[in-house]
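What follows is one structure encoded as structure tokens, with my remarks underneath.
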Protein chains: 2
Amino acid sequence: MKSTSKGPSVQWGPGISPSRDEPRTLAGQVARQLRLDIIRHKLEPGERLQFDKLSKRYEVGVSPLREALFQVAAQGLVVAEDHKGFVVAPIHLDEMMDVSSLRAHLETYALSGSIRDGREEWEVDLLSAFHRLKRAGIAVSVDQEDENLRTEWEDRHREFHFALCKGCGSPWLLHFFNELYDQMERYRRYFWKYAERAVAADSEHEAIMRAALDRDEKRATDLLQAHFRRQAKLTLSLRNKVQRAVSATG
Amino acid sequence: MKSTSKGPSVQWGPGISPSRDEPRTLAGQVARQLRLDIIRHKLEPGERLQFDKLSKRYEVGVSPLREALFQVAAQGLVVAEDHKGFVVAPIHLDEMMDVSSLRAHLETYALSGSIRDGREEWEVDLLSAFHRLKRAGIAVSVDQEDENLRTEWEDRHREFHFALCKGCGSPWLLHFFNELYDQMERYRRYFWKYAERAVAADSEHEAIMRAALDRDEKRATDLLQAHFRRQAKLTLSLRNKVQRAVSATG
DNA sequence: AGAAATTGGATTTTCGAAAATCTTGACAAG
DNA sequence: CTTGTCAAGATTTTCGAAAATCCAATTTCT
């Protein structure tokens, strides 16, 4: 799935390192799948990642496995301890708050940059990203229980928020955005396991986009902040349910 | 070198993953050394990192080497391309500007957080970090050419800036700080190869610290911003010399 | 001659087994 | 009863060689 843009983009910066799309080595493929499995709770937080089990699961030897684990560990989704192996990063509500607030700050900062420096290509990308998000939202609303549609919407949601930031032209800022978004998505999905699905407020997304395209920095960032505050509040309200559910099962 | 603080600190967050201090596996040790060798230009930007050569250099097999390379690649100090190997991340002046400005923003943000939330332990750490920086600065001024003293000062300098941020209590923000600082230090040392040594302005550091300890957020962040602007200006003036030097040799 | 296919050597990637380390539980000593 | 030591099994880490891929130069075909 290549970007529709044809520009050469920048040739430097982070994230170019391990080819993110379509890795052509076992290590890269396992790393990709591992990320997904952790974010989507196919592997549970705190779970030990033993080589013989993972070896069977992904059908690869230990060499590519270790390399994959180190990649994902550097991202903070797994924790490595010398001579004791790897563990899926545990869930900590404090960490979620940290990730959440830092992400809000960085994304606001990036959006300001986009509005100031974003070129026409950015506007087009943003519009198309919103369009796809909207379509996915409609699909989800038809069948709220379909896991695939839900995942589809999650992907479009990430791409929309990424599109907001993309115009800032700072590869490092976008790299950090991605890292934080991976973390955040894992936490969000964690809550979903215990709570009814929250209905997406695509109207908020549209308002943010319009303000951004109007180059109204203050209004756009204010709306984005409000968007985050609302999400945070909603998440907090799920917190109790989760804690009850966790203490009941474990 | 453990921190002087005895508090348990947080048990979550990034950076805890690959044990940063005193790794007890070959992979970890090589990763540590590789980072240093790249930051300190013992390995040159753009240089190919071939396994048989690195194998001799660090006296380890390919397995720990690959694992180390993936760790450092995730940090952006080396670039990996499938089936073509690893390369020391090239130098790009554009990237340096990106890293520099983002680092300035994040550090200012972190300092604000420290001033608002920093506890007494933070104040003590900051004071002691400044004290060590000052001592190192005096040592350097005695013998400007001693590479070890220069490196010592660099380490104290990093620890001082880290101490400024530490009180904010956001592991993820501190993690990003570290990543950006590694990048920045490499670029700074790159310029040092071509230019006379700049004398450190520890008076600026002291002023920033005083304002921070006085919990004067506006003054502290203003001073910090001025500090960065001055550094940026100084760096820019070196840029021409570097470009001349590079075009002469390459 | 120019383009496409091919071959050989260099390099990366992966595997399977050996070496090193950790964990557990039994046993002995204080 | 607690503490410390030691072996056995389990697991991680590392090595050395096999397999796969890439690169450049040569050959082959048009």
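We use all heavy atoms of the structure for the numbers below, so side chains are in, but hydrogens, waters and symmetry mates are not. Throughout, a chain's letter reflects where its sequence line sits, starting with A, and its residues are numbered from 1.
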Using a 4.0 Å heavy-atom cut-off, does B:Thr25 contact any base of the nucleic acid, only the sugar-phosphate backbone, or nothing at all?
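Sugar-phosphate: the residue B:Thr25, judged by heavy atoms under 4.0 Å, touches backbone atoms but no base.
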Expressed in angstrom and rounded to an integer, what is the separation of [X] atom [atom1] from [N] atom [atom2]?
X	N	atom1	atom2	value
A:Phe70	D:dT12	CZ	P	12 Å
A:Tyr58	C:dT14	OH	P	16 Å
B:Lys56	D:dC15	NZ	P	16 Å
B:Glu67	D:dT14	CD	P	6 Å
A:Leu49	D:dT11	CG	P	14 Å
B:Leu69	C:dT12	CG	P	10 Å
A:Asp52	C:dG16	CG	P	14 Å
B:Arg66	D:dC15	CZ	P	15 Å

Measuring from the side chain of [X] (C-beta onward, heavy atoms only), which nucleotide among [options] has the closest atom?
X	options	value
A:Val60	C:dT13, D:dT14, C:dC15	C:dC15
A:Arg48	C:dT11, C:dT14, D:dT12	D:dT12
A:His83	C:dC22, C:dC15, D:dA17	C:dC22
A:Lys84	D:dC15, C:dT23, C:dT13	C:dT23
A:Arg24	D:dT21, D:dC23, C:dT14	D:dT21
B:Phe86	C:dT13, C:dT14, C:dT23	C:dT13
B:Pro64	D:dT14, C:dC15, C:dT12	D:dT14

Do the charged groups of [X] and [Y] touch, with an N to O distance under 4.0 Å?
X	Y	result
A:Glu147	A:Arg150	no
A:Asp182	A:Arg103	no
B:Asp125	B:Lys166	yes

Toward the 5' end of DNA chain C, which comes first, A:Ala27 or B:Gln50, by nearest nucleotide?
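It is B:Gln50, whose closest nucleotide lies nearer the 5' terminus.
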A cation-pi test, strictly: NZ or CZ of A:Arg188 under 6.0 Å from the centre of the six-membered ring of A:Tyr181 and no more than 45 degrees from its axis. Yes or no?
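Satisfied, under 6.0 Å and within 45°.
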Check the orientation of B:His161 and B:His157. Use parallel for under 30°, tilted for 30 to 60°, and perpendicular for over 60°.
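Ring orientation, 0 to 90° scale: perpendicular.
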